[in-house]
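Here's the structure we're looking at; comments come further down.
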Amino acid sequence: MTFKNKMHLIKNAIAFIISMVLNPFIAQANTYKKTWNDVKGQHDVILIVEEMASDDLQQVSLSGKGSINNKPEWTIHDFVKDCPVDANITINPKSFENIDLNKTNNHYLLFSYSISCRGGIDPEDIKYFAYQNGQKYTMRGEQTIIIGKDKFGGERKPSISSNLQKNLPLLNYMQKKWPIVSTYNYNIDNSAK
């Protein structure tokens, strides 16, 4: 590393430290959007995960809404507040989809996220949702974690909302996807150690 590169790194580190002293809160947001058309019209969905941290506590929130033809259809709000360790809400991009499950051109929106306040490598709670025509369907359970060849968490079956139990095509689809949306693989390469 050249002297010029080292000085640039030091300058950026000092600027970061000064900004932390002057403003101890850091905000970061992740946004997920999806738009599609079906028999009901144009669907617009936005999900926003916003993180806030101070010296002592962290908080994170999820807010989202779905609309059809610019009219609100559903909203979601979830959060972790005053977490003394690591607060987390992470939307699983593999789960964020709209599907025409019944081939009627009336789509479902599906997404899942993990949520936790934890200080180590522990399974997080998983929430998996489907929305159609303003109706919410849910599966909730525990994350499965894979580190190398070891696997832990996810021993309990997910809880399923009563309306999802009555919608067998959607239930079967979500149960088939559950291992994908509820598993986190750390992909630790032990040969690098």
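Side chain of Asn92 to main chain of Lys94: a donor-acceptor pair is present (N/O by atom type, distance under 3.5 Å, no hydrogens or angles). The closest donor-acceptor contact from the side chain of Asn69 to the backbone of Gln42 lies under 3.5 Å. No donor-acceptor pair closer than 3.5 Å links the side chain of Glu51 to the backbone N or O of Val60. Under the 3.5 Å distance criterion, the side-chain polar atoms of Gln58 are matched with a main-chain donor or acceptor of Ala87. The closest donor-acceptor contact from the side chain of Asp100 to the backbone of Thr104 lies under 3.5 Å. Listed for the Gln132 side chain is a donor-acceptor partner under 3.5 Å among the backbone atoms of Asn106. In this structure, the side chain of Glu155 engages the main chain of Gly153 through a donor-acceptor pair within 3.5 Å.
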Test Leu47 against Ile91 for side-chain contact (heavy atoms from CB on, under 4.5 Å), laying out the working first.
CA-CA 9 Å; Leu47 302 171; Ile91 295 174; 3.7 Å; yes
Would you mind writing out the side-chain donor-acceptor pairs for residues 136-145 within the sub-3.5 Å range, not counting sequence neighbours?
residue, atom, partner, partner atom, Å
Glu142, OE1, Gly154, N, 2.8
Gln143, OE1, Glu124, N, 3.1

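Geometrically, Lys177 does not engage Tyr128 in a cation-pi contact defined by less than 6.0 Å to the ring centre and at most 45° from the axis.
The disulfide bond (SG atoms under 2.5 Å apart) pairs that include a residue from residues 63-120 are Cys83-Cys117, where partners are two or more places apart or lie in different chains.
Remark: Phe152 CZ is packed, more than 12 non-hydrogen atoms of other residues, nucleotides or ligands lying under 6.0 Å away. Counting non-hydrogen atoms of neighbouring residues, nucleotides and ligands closer than 6.0 angstrom, the CG atom of Asn105 exceeds 12 such neighbours.
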